[in-house]
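To keep things clear, I will list the structure first and then write my remarks on it.
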Amino acid sequence: MLGSKIDLLKREWLDVVFANKNKSYGAYELRSTSGANTTKALLIASTIFVVAFVSPKIFSLIKGSLPEDKEIKQVEVVVAPPPPVNPDTPPPPPVEPPPPKQDQVKFPPPIVKPDNEVVDKEPVQIEDLKKADPGQKTIAGDPDADIVIAGPVGDGPKQAAVVEDTKVYDFVSIEKQPDFPGGMDKFYAYLKKTVRYPAMAQENNIQGKVFLSFVVEKNGELTDIKVERKLGGGTDEEAIRVLKISPRWTPGIQNGKPVRVKYNIPISFTLSQ
C-alpha cells in the first residue's frame with residue numbers, strides 16, 4: 001500500500017535516485033521534464049484532431065458564402081428573310097459573246113434520227129473548212145475583234161514533284177534482292193580473309209554464329225548494322241567491324257528502281273582443331 005502512493009516522477013524522488021550521480025548526462029533531464037512533454041503532446045494531438053474534425057464544416061460554410069456562377073443567357077437572333085422576287089421583273093438578258101476573230105461554219109456532230117425526220121442538207125465542204133473554223137452555227141467573223149478564250153485559264157504545265165522512296169523493304173518481298181559483288185561465294189571468301197578471331201574468344205573456346213541485320217542503301221552502302229543474336233567474347237564487335245568495311249553491294253530493285261532493303265545474315269566463328 002505504501003508503494004502505490006509513491007510518485008517516482010516527483011522532483012524529490014528524482015533527487016534521491018540521482019543522488020551522487022551525473023545529472024547532466026541526460027536521464028535526469030528527461031525524467032524531470034517527462035510530465036510537461038506528455039502534457040504538450042496531448043494538447044498538440046487534441047488540437048490536430050479537433051481541426052481535422054471541424055475542417056469539413058468550415059469548408060462547407062466557406063463554399064456556401066461564395067457567389068454562384070451566373071448562367072449565361074442565350075439570345076436567339078432572328079435573321080430577316082431576303083426580299084421576295086418580283087415575278088413582273090424579267091431576268092436580265094444573257095450576255096452575248098463577242099464575235100469570233102475568224103468565220104465559223106456550222107458543223108454540228110452527227111446525230112442518228114429516224115428516216116422520216118432526216119432532211120437532206122448539203123454537207124460542209126472541205127474548201128469551206130479551209131477558210132473557216134467548224135462550229136455549232138454559222139457566224140460571220142470580225143477581223144478586228146479581240147481573241148476570247150472561253151475555257152478556264154490554267155497555270156500552265158507544272159513539273160511533277162519527285163518523291164523519294166525512303167521505305168525499307170524486306171529482301172524476300174522485292175523484285176531483285178541485293179547482292180555482294182560477284183555473289184555470296186565472294187562474300188564468304190571476303191569474310192574468311194577479313195575476320196580476325198578475337199583473343200578472348202580463342203582463350204574461352206567461344207565458337208558459333210553471330211546473327212546480324214543491316215540495310216543495303218540505294219548506293220550499295222551498308223548502314224544500320226545491328227547484332228540480333230550475340231555470341232560474346234568480342235565476336236559481335238568483330239562482325240560489325242567487318243560489315244562496316246565491306247565493299248558496296250549491288251542494291252535491291254523494286255519497280256525498276258533501286259530501293260533500301262533490310263538484310264539478315266549470320267557470320268560463323270569456328271576454331272580450327
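Across every non-hydrogen atom of Ser173 and Gln254, the tightest pair is O-OE1, 4.1 Å. The two residues Glu217 and Thr223 make their nearest non-hydrogen contact at OE2-OG1, 2.6 Å. The two residues Asp170 and Lys262 make their nearest non-hydrogen contact at OD1-O, 4.2 Å. Taking each heavy atom of Thr194 and Arg241 in turn, the nearest pair found is O-NH2, 3.3 Å. Contact between Tyr197 and Ala201 at its shortest, heavy atoms only, is CE2-CB, 3.6 Å. Minimum interatomic distance between Ile265 and Phe187 (heavy atoms only, all atoms of both residues): CD1-CE2, 3.0 Å.
Side-chain contact between Ile253 and Ile174: absent, with no pair of heavy atoms (C-beta onward) separated by less than 4.5 Å. Side-chain contact between Glu238 and Val195 is present, with heavy atoms from C-beta onward closer than 4.5 Å.
Annotation: the span from Tyr190 atom OH to Leu243 atom CG amounts to 7.5 Å, rounded to 0.5 Å. With rounding to the nearest 0.5 angstrom, the CD1 atom of Ile267 is 11.5 Å from the CG atom of Leu231. Ile206 contributes atom CD1, which lies 8.0 Å from atom CE of Met200 (distance to the nearest 0.5 angstrom). Summarising the geometry, atom CZ belonging to Arg196 is positioned 13.0 Å from atom CD belonging to Gln202; distances are rounded to the nearest 0.5 Å. The line from OG1 of Thr270 to NZ of Lys209 is 8.5 Å long, rounded to the nearest 0.5 Å.
Annotation for Ile44: hydrophobic cluster partners, listed by chain and number, are Ile48 (ILVMFWY side-chain heavy atoms under 4.5 Å, direct or chained).
Hydrophobic cluster membership is shared by Phe269 and Ile240, with clusters built from Ile, Leu, Val, Met, Phe, Trp and Tyr side chains linked at under 4.5 angstrom. Leu222 and Val168 end up in different hydrophobic clusters when Ile, Leu, Val, Met, Phe, Trp and Tyr side chains are linked at under 4.5 Å. Hydrophobic clustering of Ile, Leu, Val, Met, Phe, Trp and Tyr side chains at less than 4.5 Å, counting indirect connections, keeps Val54 apart from Phe49. Under the 4.5 Å side-chain heavy-atom criterion for Ile, Leu, Val, Met, Phe, Trp and Tyr, Tyr188 and Phe214 are members of the same hydrophobic cluster. Both Val227 and Ile225 belong to a common hydrophobic cluster when Ile, Leu, Val, Met, Phe, Trp and Tyr are linked at side-chain heavy-atom distances under 4.5 angstrom.
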Step by step, work out the side-chain contact (heavy atoms from CB on, under 4.5 Å) result for Met184 and Asp179.
-> CA-CA 7 Å; Met184 294 307 294; Asp179 197 4; 3.5 Å; yes
When you look at Val261 and Gln177, which way does the side-chain contact (heavy atoms from CB on, under 4.5 Å) test go after all the steps?
-> CA-CA 8 Å; Val261 182; Gln177 299 179 0; over 6 Å; no
Evaluation steps, side-chain contact (heavy atoms from CB on, under 4.5 Å), between Val216 and Phe180 = CA-CA 10 Å; Val216 181; Phe180 188 80; over 6 Å; no
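Partners of Lys226 under the salt bridge (Lys or Arg N to Asp or Glu O under 4.0 Å) rule, at least two apart in sequence or in another chain, are Asp224. Scored by the side-chain hydrogen bond (donor to acceptor under 3.5 Å, both in side chains) test, Thr250 finds no partners at all (sequence neighbours excluded).
Within 6.0 Å of NZ in Lys218 there are more than 12 heavy atoms belonging to other residues, nucleotides or ligands.
A donor-acceptor pair is defined here as one N or O able to donate and one able to accept, closer than 3.5 Å; no such pair exists between the side chain of Glu221 and the backbone of Arg248. Between the side chain of Gln207 and the backbone N or O of Leu271 there is at least one donor-acceptor pair closer than 3.5 Å.
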